[in-house]
Trainee: 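One structure, pasted below without further comment.
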Amino acid sequence: MKNQGTFQIFFAMLLVIGIMVISMYYLYRNSISGIYDRMTENNSLAVKAMIGSFDNNFRSINNLIHSIHMLPYNVLEPGEDGQVDMSDVYLLQDNLASLVSSVDFIEEAVIFYDNHDLVITSSGTSSLTQFFNQKYKHDRFNVNYWRTYMKERNSFKVFHGDYYRISSDTFKETTKKLMIAAGGNKVRLSNKNVMLLINEKAFMKQVSQNLMIPGASLIVLDQNQQVVYSTDSTLNITGMMEEVYLSATQEASLTRENYEYHFYKSDFNEFIYVEKIPFQFQNIDSVSQANRLIMFTAILCAILLSILLSIYLNKPVKRILHQLGGRHGGNDFAKILSGIKHMQAENETYKKQLAFVDAEARRGILLLALDERELSAEHEQLMHRYETDFFLNKQFVMVMFRWSAPAQAEEGVNVSAERMAELLRTGLRDRQAMANVYHERELQFLALIGIRQSSERDTLLKLLGLLLGQLQQGELSGYTGIACVSKVYASELSNCSKAYQSLTSAMAYRHVNERAAVIDAGKLEYEWNMPLPIEKLEKLASFVMNGKLKESKAIITETIRETAQRNVHQHQFAYIAKSLFYAMVRHASPSANRNNELYLLESEFLRAAETTGASPEKLEQLLHDAAQHIVHHSEAAEPASKLNKAYISQYIELNYMRNLYLDQLAEVTGTSSKYFSSYFKKTFGVNYVEYLNKVRLSHARELLKHSNYSVSEIGERTGYLNSSTFTTTFKKYYGISPSEYRKQKQNTG
C-alpha cells in the first residue's frame, strides 16, 4: 500500500478501462443500421464527387480532341516533287504540343491520316507502323487494329486501361497502363484521325477514392456499355443493365444477393457509373447481444488484468527509468534489457544507413558539379557544404576508370559497383595516392586525387597502370579496364566539369588500336582519317537484300580492317561499324525480328561498339553474325507483284548509278512502258525521270560534300553518261553548278 508506483500503474490502467468502456457504450448505443445508412449516404456523396471528377476529365479530353480537329492543315497533299510539305507538319506538331501541355494526364497525342503512314505527335513525327509496333507496343492494339478502327465510322470512344510496352531512344523498355481516347469520326470535323494516350495512374490522381467505404466498388461504362475503368477486376454486371431503367433523375438501383448496385448516368457524355456496396449488415440482433457480452467481459478482464499488471510491472518500469537516466534502481529484468540492446543495435544500423546516405549525397553533389547548368539555391548550399570533403590537397587531377564486363562464357562472380569503387579507393591509397572514388554510372568511376605539385602527375600515370594490372589479375579477373587522367586543376568544384569534359573527349578520341591501359588526356590530338564508305554501304545493302552472304561478309571485313589500319578515333570507328550494321538492317525482312532476335542482335552490337575493350575483330564478328541472320531470314521467293511503291523505290535506290531506263523498269515489274509510266506518275506524284534525277542528285550532293572525287567521277558514279549532262542537270535543280556547291559546303564547314 505504501508503494505509490503500483497505484500509479493501477489508476492508469483504470483510466484506460474507463475510456474503453465509454467508447464501447457509445458504439453500442448507436444503431448498426444507422451507421450503415450514414456510411452509404456518405459513400453516395463521395461517388457523385468522383463522377464529377470523371466528367471533368472526360470533358477535358473531348475539348482537347475538338481543339485538335480545329487545327489547320487538314489534308497532307504531296507537292510537285512527291513529298509532303513538312513545314505544315511541323507547325501542326508545334500547335499539338502546345495543346497537350495543358492536360497533365495525357501521355501522348497522335494525329494521322487515312492512306498516310505519317504520324504526328506532341513530341515529333514518326511512321504509324513504328509508333504503334515499336514505341507503344501492345499484342492486340497494334498499328493494323488502329488503322482499321479509325477507317470505320465510330463515335468518341475511351478504351479501358491496359499495359503497353514503351521503348525509348536508349533502347530501354518500360511498361505503363494507358487508356486510349479515340476521336469520333461519324461526323467529320476534319480529315484527321485523333487519338489520345492517357496515363491511367495520372488520370486517377484527380479522382479521390479515399472516401469510399471498404467493400465498395465503382465501374465506369461508356455510352455502349463497355467497361472503361473499374476498381474491382472481378466485378461482373452481365445481365444487370437489361433490368435497369434510368429515370429522369439519371439514377437507378438494383439489389443482388448481399450487395446494392446504384447506377448513375452522366449528363455530359451518357457514360454510366455503377456503384457496388454491401446491402446491409447481417444478423444485427445477434451482433448486438454479442457486443454487450464482449463489453462486460472485457471490463471484468481488464480490471483483473490491471491489478495483476500493476503489481508485476512496477519494478520493470523503474528499471526502464533507470536505464533511461531515472533515479530508481531495480533487479533482473532480462527482457527489458534485451529490448534496450536491440534498440542500440538498431541505432548502429541507422548510423550505417546515415553514413551511406551521406556518401550518396556527396556523390550526387559531384555529379551536379559535372553539369554546367545553373543550380538552385539549395543545391548551391549543399555544394559549399561538401566542397571541402572532395579535395585532399590544393590541386587535384580527375581520373576516369571505365570497365567492361567479362564475356558471358568467362563470367564468374559478379562484382558490385560499390565493391569496385572500394577496390579502386583502397588500391590508390595503398600506393600513397589520396583519392575519393565515386561511382558515376554503369561500370564507370571517377576519382579525385589530391596532389601537392604537378610533377606527381607523371608518377600517378605509372601507378595507375600497375593498379589496373593488379586488379585484373585479382578480384576483377575477366574485367577489362582503362583509366584516363586529366590535367592538374585547382581544388574547386567549378573545375570538376572542365576536367570531366576533357576526360570524356579523351575517351571518345582515343585511337582504335590504342592498347595502353592509361590515357593521358592532355596528349591526345584530333585527326581526321576516317573513310566514308558510301559505295561499300550501297554494295553491302544490295548483297544483303539479294541474299549474298559471302559477298556481304567480304565487304564487312574489308571496311572494318581498312578503318582499323587507319587507326581512327574510337568514336569514328564505332560510327563506321554502326553504318555497316544499319545498312544491313534497313533491308531486313519482318521475319528477321521474330521473337526479338534482330533486336537482341542490335543490342549486343551497340553494347560492343560502345564498350571500352571492344576490338575491331569482335565488331567484325558481330557484323558477320548480323549479316548471316538477316540473309537467312530474307525472302527466298520474289514477291507476287513487283508493281508496288516500296519495291520500285528500293530498286531505283540500289540501281540509280546504272543506265536505268523506263523500259527496263517496266520489264522488271512485268508491265508495259506506257502503263508503268502512268502508274509511276500516279503513285509518286512526279514522272519517272524527275524522280530518278532527284535520287541521283541526292547521292551526288553527299559525294560532293564528303569525298575527294572529281565532278566528272561523281557524275559517272551517280549514273550520268558525261560530266556536262551531270552539270546541266545539277544546275537545273539546285541553281548552281556542282563545283560551286562543293565550294559553298567547304566554306561553311
Side-chain angles (χ1 to χ4, degrees), residues 53-71 89 92-114 116-152 154-185 189-190 192-207 220 222 224 226-230 269 271:
S53 299
F54 273 108
D55 278 351
N56 288 336
N57 287 349
F58 289 130
R59 185 176 286 105
S60 298
I61 292 170
N62 188 66
N63 291 340
L64 180 58
I65 291 177
H66 185 272
S67 298
I68 294 173
H69 274 297
M70 292 300 101
L71 292 175
V89 174
L92 179 57
Q93 186 262 326
D94 288 341
N95 291 332
L96 179 63
S98 177
L99 288 174
V100 170
S101 64
S102 62
V103 185
D104 295 334
F105 51 80
I106 299 299
E107 176 79 11
E108 186 58 280
V110 179
I111 299 175
F112 65 95
Y113 298 83
D114 294 337
H116 283 273
D117 194 44
L118 176 69
V119 63
I120 304 170
T121 70
S122 62
S123 57
T125 60
S126 176
S127 72
L128 190 63
T129 302
Q130 181 182 15
F131 186 83
F132 282 112
N133 286 356
Q134 296 182 20
K135 185 170 183 180
Y136 289 91
K137 293 182 281 188
H138 191 280
D139 295 334
R140 178 187 176 192
F141 301 120
N142 53 28
V143 64
N144 294 327
Y145 180 92
W146 293 121
R147 198 190 296 276
T148 302
Y149 178 84
M150 297 305 287
K151 282 186 177 180
E152 299 172 356
N154 300 290
S155 58
F156 169 78
K157 180 175 177 62
V158 179
F159 291 80
H160 67 85
D162 211 339
Y163 287 98
Y164 288 74
R165 302 185 301 278
I166 304 174
S167 298
S168 65
D169 294 336
T170 57
F171 303 98
K172 291 184 179 179
E173 189 172 275
T174 58
T175 302
K176 283 187 181 180
K177 194 172 186 182
L178 303 178
M179 300 164 62
I180 306 296
N185 55 11
L189 296 175
S190 70
K192 304 182 185 73
N193 293 318
V194 181
M195 296 172 61
L196 299 180
L197 279 62
I198 303 168
N199 188 320
E200 184 176 291
K201 183 177 180 181
F203 182 89
M204 293 307 299
K205 280 184 179 180
Q206 304 184 25
V207 181
V220 183
D222 63 14
N224 298 321
Q226 295 181 350
V227 177
V228 174
Y229 177 79
S230 176
N269 54 10
F271 277 27

Trainee: Could you tell me which residues satisfy side-chain hydrogen bond (donor to acceptor under 3.5 Å, both in side chains) with N133, sequence neighbours excluded, listed by chain and number?
Mentor: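 Partners of N133 under the side-chain hydrogen bond (donor to acceptor under 3.5 Å, both in side chains) test: none.
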
Trainee: Evaluate the side-chain proximity of Y164 to F132: yes if any heavy-atom separation is below 4.5 Å, no if none is.
Mentor: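 Answer no - side chains too far apart.
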
Trainee: Quick one about N62 and R59 (side-chain donor to acceptor, distance below 3.5 Å, no hydrogens or angles considered), yes or no?
Mentor: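 The answer is no; no qualifying pair exists.
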
Trainee: What pairs with S98 under side-chain hydrogen bond (donor to acceptor under 3.5 Å, both in side chains), at least two apart in sequence or on another chain?
Mentor: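 Per chain and number, S98 pairs via side-chain hydrogen bond (donor to acceptor under 3.5 Å, both in side chains) with no residue.
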
Trainee: Heavy-atom count check: over 12 atoms from other residues, nucleotides or ligands less than 6.0 Å from K137 NZ?
Mentor: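 Buried by this count: over 12 neighbours within 6.0 Å.
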
Trainee: Taking side-chain hydrogen bond (donor to acceptor under 3.5 Å, both in side chains) as the definition, give me every residue that meets it alongside Q134, ordered by chain and number, with sequence neighbours left out.
Mentor: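 Residues passing side-chain hydrogen bond (donor to acceptor under 3.5 Å, both in side chains) with Q134: none at all.
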
Trainee: F131 pairs by ring pair (Phe, Tyr, Trp, His ring centres under 6.0 Å) with which of Y136, F112, W146?
Mentor: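 For F131, the ring pair (Phe, Tyr, Trp, His ring centres under 6.0 Å) check succeeds only for Y136.
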
Trainee: Is the ring pair H138/F141 parallel, tilted or perpendicular, if the boundaries are 30 and 60 degrees?
Mentor: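 Because their plane-to-plane angle lies in the 30° to 60° range, the rings of H138 and F141 count as tilted.
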
Trainee: Quick one: list whatever passes side-chain contact (heavy atoms from CB on, under 4.5 Å) with H66, sequence neighbours left out.
Mentor: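 Testing H66 for side-chain contact (heavy atoms from CB on, under 4.5 Å), a comparison that skips the adjacent residues, returns M70, L189.
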
Trainee: Does a side-chain heavy-atom distance below 4.5 Å link V158 with Y229?
Mentor: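 With C-beta onward as the side chain, the pair stays apart.
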
Trainee: Quick one: side-chain hydrogen bond (donor to acceptor under 3.5 Å, both in side chains) partners of T121, sequence neighbours excluded?
Mentor: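 With sequence neighbours excluded, T121 shows a side-chain hydrogen bond (donor to acceptor under 3.5 Å, both in side chains) to S123, given in chain and number order.
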
Trainee: Could you tell me whether the side chain of E107 and the main chain of I198 form a donor-acceptor pair under 3.5 Å?
Mentor: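 Not at all, since once roles are kept as given, no pair shorter than 3.5 Å links the two residues.
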
Trainee: For the atom pair CG (L92) and CG (L71), what is the distance rounded to the nearest 0.5 Å?
Mentor: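 The distance works out to 6.0 Å.
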
Trainee: Could you pull out the closest heavy-atom pair between I120 and L96, with the gap in Å?
Mentor: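 Result for this residue pair: O-CD2, 3.8 Å.
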
Trainee: Give a yes or no on whether the backbone of K135 and the side-chain of Q130 come within a donor-acceptor separation of less than 3.5 Å.
Mentor: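 Flag not set: sc Q130 to bb K135 has no pair under 3.5 Å.
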
Trainee: Tell me every residue that passes side-chain contact (heavy atoms from CB on, under 4.5 Å) with K157, counting only those two or more places apart in sequence or in another chain.
Mentor: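 Y149, F159, D222, Q226.
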
